[in-house]
2 protein chains.
Amino acid sequence: MKENKSKYAIMGILSMGPMSGYDIKKRFEKSLAYFWSESYGQIYPILKNLAKQGLATRSIKKQEGKPDRHIYALTDKGRKALQEWMIQPVGRLIGRHEILLKLFFGQQVSLADNIRQVEHFRKLQSQKLKEIKATEEVLKADHKDNPNLTYWLMTVRCGQYVNRAYLRWSDETLAVLRGMEQEGVIKNGN
Amino acid sequence: MKENKSKYAIMGILSMGPMSGYDIKKRFEKSLAYFWSESYGQIYPILKNLAKQGLATRSIKKQEGKPDRHIYALTDKGRKALQEWMIQPVGRLIGRHEILLKLFFGQQVSLADNIRQVEHFRKLQSQKLKEIKATEEVLKADHKDNPNLTYWLMTVRCGQYVNRAYLRWSDETLAVLRGMEQEGVIKNGN
DNA sequence: TAGAGCATGTAATAGGTTACATGATTAG
DNA sequence: CTAATCATGTAACCTATTACATGCTCTA
């Protein structure tokens, strides 16, 4: 039972209303960027496939001066398939943390190199935290009465919790690394 | 400049001392499992390639009653390549959080379904936290005087920080969802 | 006039897992 | 007797990104 998550991610977006592949991409970038993304190379073939399997319908909206829009809409069968997937318990996430991998082998490079690396990581994370806050504001402003909003804000919260954890960890780790640096100086001074 | 991270992950393990593909797999499982993993399908071809590129040497240790061991050792060239990779600033991590994806579309299923999902997620995370704690104890006991230990414990701390963030988020989210359930009951009761 | 936005899509390539094949030994 | 551990490796498969191709309009 191989479940292609991209397929369900796309069906999920489609559950918010009929739209084109182009729209779907923008939705991912606007509201889900900090925990999910899909490329056109995935989106267009999957949409084609959804139509073939009867999980979505496709209609063409002609436009002048712009390319035609291929609008996809979830069918009842598609919505049922999405719901079935949604109630399956999630698997454990196996993230590949480059920063942890590099730090794990920290002994191979200088203390200064490790410090630089963690500082850079910290900067990335605080940037990301800002982006998540921006997403939160946009969601609150644009979808005040949308019944989905409660759920969307829950995912935003998760991003914030995790990101703050990264920031606190970075600070702690930098303190330890800088302490080691000091020790080294003292030792060399004796 | 395409950098294959698996290659460097394996070189990193090799930086701890010469060993076989089998050993490498075990190392990943024992000490890096919560933030990195590699399958045999990656390890063996990459090892072959490292040898071909002069980044590692290969020697065969014959054993009786057991298959021969192919021992790989990092060369100076290999160590330098590893160090060069290690000082490159890390990229942003684009985790795909299945739980957040499902919750984002939470409106599509019942409140009870969402609660069940988050409860299950919480269970997975507290299990993982236990595993990280176990890893910490093993590292401390087995490698008391290993100069790598400081770095290893930093990665462990990160796992703990993030995991506790997930647990706190789960609790908050479950409280909100249960509150919504209550509201629903009151409304239905009127 | 260059670049961004609109809009579709494909092909090449990279990255990664799973299942399979082999075969002896040892522990339950 | 069964399952796990030791140990190597490959082939089939799935997943995902990137670059490319097309071509119009609007803005700086």
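Throughout, protein chains are lettered first and strands after them, A, B, ... in sequence-line order, and every chain is numbered starting at 1. Since this is a predicted model, take the numbers as computed values, not measurements.
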Spacing of OG1 belonging to B/Thr155 relative to CZ belonging to A/Phe105, to within rounding of 0.5 Å: 9.5 Å
Measure from [atom1] on [X] to [atom2] on [N] and round the result to the nearest Å.
{"X": "B/Lys25", "N": "D/dA7", "atom1": "NZ", "atom2": "C1'", "result": "12 Å"}
{"X": "A/Tyr8", "N": "D/dC14", "atom1": "OH", "atom2": "P", "result": "15 Å"}
{"X": "B/Lys5", "N": "D/dA16", "atom1": "NZ", "atom2": "C1'", "result": "13 Å"}
{"X": "B/Tyr44", "N": "C/dG16", "atom1": "OH", "atom2": "C1'", "result": "17 Å"}
{"X": "B/Ile43", "N": "D/dA7", "atom1": "CD1", "atom2": "P", "result": "14 Å"}
{"X": "B/Asn49", "N": "D/dG9", "atom1": "CG", "atom2": "C1'", "result": "15 Å"}
{"X": "B/Ile24", "N": "D/dC6", "atom1": "CD1", "atom2": "P", "result": "15 Å"}
{"X": "A/Lys7", "N": "D/dC14", "atom1": "NZ", "atom2": "P", "result": "13 Å"}

Donor-acceptor pair, side chain of B/Gln117 and main chain of A/Gln88, under 3.5 angstrom: yes
Whether A/Thr173 side chain and A/Trp169 backbone form a donor-acceptor pair below 3.5 Å: yes
I want to check one thing: is the phosphate of [N], taken as OP1 and OP2, less than 4.0 Å away from some side-chain N or O of [X]?
{"X": "A/Asn4", "N": "D/dT15", "value": "yes"}
{"X": "A/Lys48", "N": "C/dT10", "value": "yes"}
{"X": "A/Gln63", "N": "C/dC6", "value": "no"}
{"X": "A/Gln42", "N": "D/dT17", "value": "no"}
{"X": "B/Ser6", "N": "C/dG15", "value": "no"}
{"X": "A/Tyr40", "N": "C/dG9", "value": "no"}
{"X": "A/Tyr22", "N": "C/dC6", "value": "yes"}
{"X": "A/Ser39", "N": "D/dT18", "value": "no"}

Geometric cation-pi criterion B/Lys25 and B/Tyr40, 6.0 Å radius, 45° cone: yes
Over-ring placement of A/Lys80 relative to A/Trp85, 6.0 Å and 45° cut-offs: no
Using atom names, set out every protein N or O paired with an N or O of nucleotides 23-25 of chain C below 3.5 Å, distance rounded to 0.1 Å.
none

Five-pair end axes of the helix from C/dT1-D/dA28 to C/dG28-D/dC1, angle between them (10°): 40°
A/Ser59 side chain to A/Tyr72 side chain, donor-acceptor N/O pair below 3.5 angstrom: no
Candidate nucleotides C/dG9, C/dT10, D/dA7, ranked by approach to the side chain of A/Tyr72 - the nearest: C/dG9
Earlier contact from the 5' end, DNA chain C, for A/Arg69 and A/Gly41: A/Arg69
Flag if over 12 foreign heavy atoms under 6.0 Å of NZ, A/Lys5: no
B/Leu14 and B/Leu82, any side-chain heavy atoms less than 4.5 Å apart: no
4.5 Å side-chain heavy-atom contact, A/His143 and A/Trp152: yes
First of B/Arg96 and B/Arg58 reached from the 5' end of DNA chain D, by closest nucleotide: B/Arg58
Residue from A/Asn49, A/Leu55, A/Leu47 passing side-chain contact (heavy atoms from CB on, under 4.5 Å) with A/Lys7: A/Leu55
